[in-house]
Structures are given as structure tokens and as C-alpha cells.
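Taking it in order: structure first as C-alpha cells, then the write-up.
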Amino acid sequence: MYAVLRKPRTMSKFYELVLKKVGCEVVGLDLQTENRPEVIEEIRRDVTTHRMLFFKNQGVISGQRHVEISRWFGDLESTFYKHEKSPHPDVFRVSNDEKEGCRGVGRTGWHIDGSFQPEPFAYSIYHMVSVPKSGATSFVPLSEIIERMDPDKRARWDRLWMMSDRRTGPIHPLIYKHPITQKPVLCFHLGMTESFVWDYQNPQQKVAGRDESRRIVREIHDEITIKNRDLIYTHEWQPGDFIISDNLAVAHEATPETQYPRNEVGLRVLHRTTIRGEFKPEK
């Protein structure tokens, strides 16, 4: 269990940061009322630096306020299904009860959001509205996974491009540089990949077959969950949690318990917004 007092602390100009396994917890800020431009700018910088910011005990943030905070980072992109109980057209409402929100979300494999877009989403912003007895979300930083690879595997992955299962979707390089930090990251969705292309846009390009693509998906999965298990942070949600994530730098996956029925674990309701990407992944 994560213990705040045992983690290193650092001070920003306006709040305290507590280092977590991935990202930092922000202490001393009320998102319900915070609107100072200088604080917003500090938060934007810290998300880029630390990749994730965790805000605890924020109460129930309205859909309108969730959207207002999201706009600190750019224009919203709403490509997802609109549930009738969503508090705002740009808020994606997820639940383990189909009457309360969209079910079956986030369990198709490790991914970043919006890999099917020409420009994947820049940020994903989460707020837990109703917390069940169990139903966590796991996060993993992407640059460390790439930097830990042996050179031969890194060279192979550098040749791979992801073809989304959305027929009109673009083809993205599996490994590319983050548009702001220039660190290596991954564009991928292990549950929404039609196939992979070797050496895309080169004369020797070749589309991987179904079996080969499945092996590549398994290889990426194992690289995260077996070889780099120590990098994974599994967030056990608490009432009032609010998370801002650099979507291009951190992958995530919902744990199996998020799909457990309401009568077993209680009601789970998660609100999420996504910020429109401004950069196309490029080699």
C-alpha cells in the first residue's frame, strides 16, 4: 500500500509534490476552485516533467468543472460513446453497470488513448465518482520500457508500425519521440491493432500476417507485464481521486476487477476526458 509519509517530497511554487512509483501526488491544492493562471502553468509543467499528477480528496467534481480543468491542456476530443448519464457531452462515463455508464472499457490490453487517431490524445484526465470495493487501473511509463531493452529487440521494434483496427485509422510507428520531451515512447493499443507493418514507407515494407501480429502483441505485453513488472503502478481508487496523465508518456489498462458486477463489488463510476493531440507520431 502506498504510504505518503515514506515517499520523497519536493516543493513546487504553489503546492507540494510527493513522488510515487509513476508520477507525483499533489498536496495542498483544491481543484474545485483553483483558477490562477500561474498555478495552471505550473501544473502543466509538472505533468510534462512527472508524466502523471494525482490529486486526492477532491470531492465530487462536476462534469462542467472536469471539462474546465481539462481545457487547461487544450481542446477536448470526444470520439467515444455518449452515455445518457454522462454529466457533460465531453465526459466519457465508465461503469460496471450499463445503466450508469459504458461497460467493458479498458480491458482489451495495455494502450494509450486515441492510437486510432492521426494525432493520438495528448492527455487523459480521470475522476473517480463512485468507488467499488475493488477495481483498480494500472499505469506504466513508456520511456523506461524502451530504454531497458536489449539493442537487438529495440532495433526490431524500431522497424515496426502499428495498423489500427479502425479501417480509416492511420499507421503509426511503434516507437517514436515524445513531441515535447523528445524521449522515446510507444504508440500502441494491444486490443485495437489490425496488424503491424515492417519498414513502413520503405521499398522493403511488409505487412505482418495474423499469427505474426499476434506474436508481436504478446511480445509487447510480456515486455510490460513480465520483464518490466517493477515499473507498473496499480492505482487503487479512493473517493475524490483526480488524475491528469500525459497520455503519450504513460500506458494504462483497467484491472479485471473493474468488470465485476455491481452486486458483487458495488457501483463503479469513472469519468474521463481526453485532450486533442497536436502531433502525429513520426520517425
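Judged by distance alone, the side chain of Thr274 and the main-chain N or O of Glu77 form a donor-acceptor pair under 3.5 Å.
Pairs passing the ring pair (Phe, Tyr, Trp, His ring centres under 6.0 Å) check and including a residue from residues 258-283, sequence neighbours excluded, do not occur. Sorted by first and then second residue, the pairs that involve residues 202-212 and meet side chain to side chain donor-acceptor pair (under 3.5 Å), not counting sequence neighbours, are Trp198-Glu212. The ring pair (Phe, Tyr, Trp, His ring centres under 6.0 Å) analysis of residues 29-65, with sequence neighbours excluded, yields the pairs Phe54-Tyr233, Phe54-His235.
The side chain to side chain donor-acceptor pair (under 3.5 Å) search around Lys153 returns Glu223, not counting sequence neighbours. Taking Gln58 as the reference, nothing meets the side chain to side chain donor-acceptor pair (under 3.5 Å) condition, with sequence neighbours excluded. Phe92 pairs by the ring pair (Phe, Tyr, Trp, His ring centres under 6.0 Å) definition with Phe80, not counting sequence neighbours. Annotation: ring pair (Phe, Tyr, Trp, His ring centres under 6.0 Å) contacts of Tyr200 (sequence neighbours excluded): Trp161. Partners of Phe73 under the ring pair (Phe, Tyr, Trp, His ring centres under 6.0 Å) rule, at least two apart in sequence or in another chain, are Tyr123. A search for side chain to side chain donor-acceptor pair (under 3.5 Å) contacts involving Thr273 returns His66, Ser70, not counting sequence neighbours. For Asp158, the salt bridge (charged side-chain N to carboxylate O under 4.0 Å, His left out) partners are Arg154, Lys283, not counting sequence neighbours. Scored by the side chain to side chain donor-acceptor pair (under 3.5 Å) test, Asp230 finds Arg148 as partners (sequence neighbours excluded).
A salt bridge links Arg218 and Asp222; the closest N-O separation between the charged side-chain nitrogens and carboxylate oxygens is under 4.0 Å. A salt bridge does not link Glu98 to Arg103: none of the charged nitrogens lies less than 4.0 Å from a carboxylate oxygen. The pair Glu16-Arg9 meets the salt-bridge criterion, since a charged nitrogen lies less than 4.0 angstrom from a carboxylate oxygen. With respect to the salt-bridge test (charged N to carboxylate O, under 4.0 angstrom), the residues Arg45 and Glu42 qualify.
In the hydrophobic clustering, Met11 connects to no other residue, as no ILVMFWY side-chain heavy atoms lie under 4.5 Å from its own.
The two residues Val140 and Trp110 have their closest heavy-atom pair at CG1-CZ3, 3.6 Å. A pairwise comparison of heavy atoms in Arg276 and Leu76 identifies NH2-O, 3.5 Å as the closest pair.
Side-chain contact of Gln64 with Ser62: a donor-acceptor pair under 3.5 Å is absent, judged by distance alone.
Atom NZ of Lys82 has more than 12 neighbouring heavy atoms from other residues, nucleotides or ligands inside a 6.0 Å radius. In the displayed structure, Glu219 atom CD is contacted under 6.0 Å by more than 12 heavy atoms of other residues, nucleotides or ligands.
Going from atom CG of Leu174 over to atom CD1 of Ile146 covers 7.5 Å, rounded to the nearest 0.5 Å.
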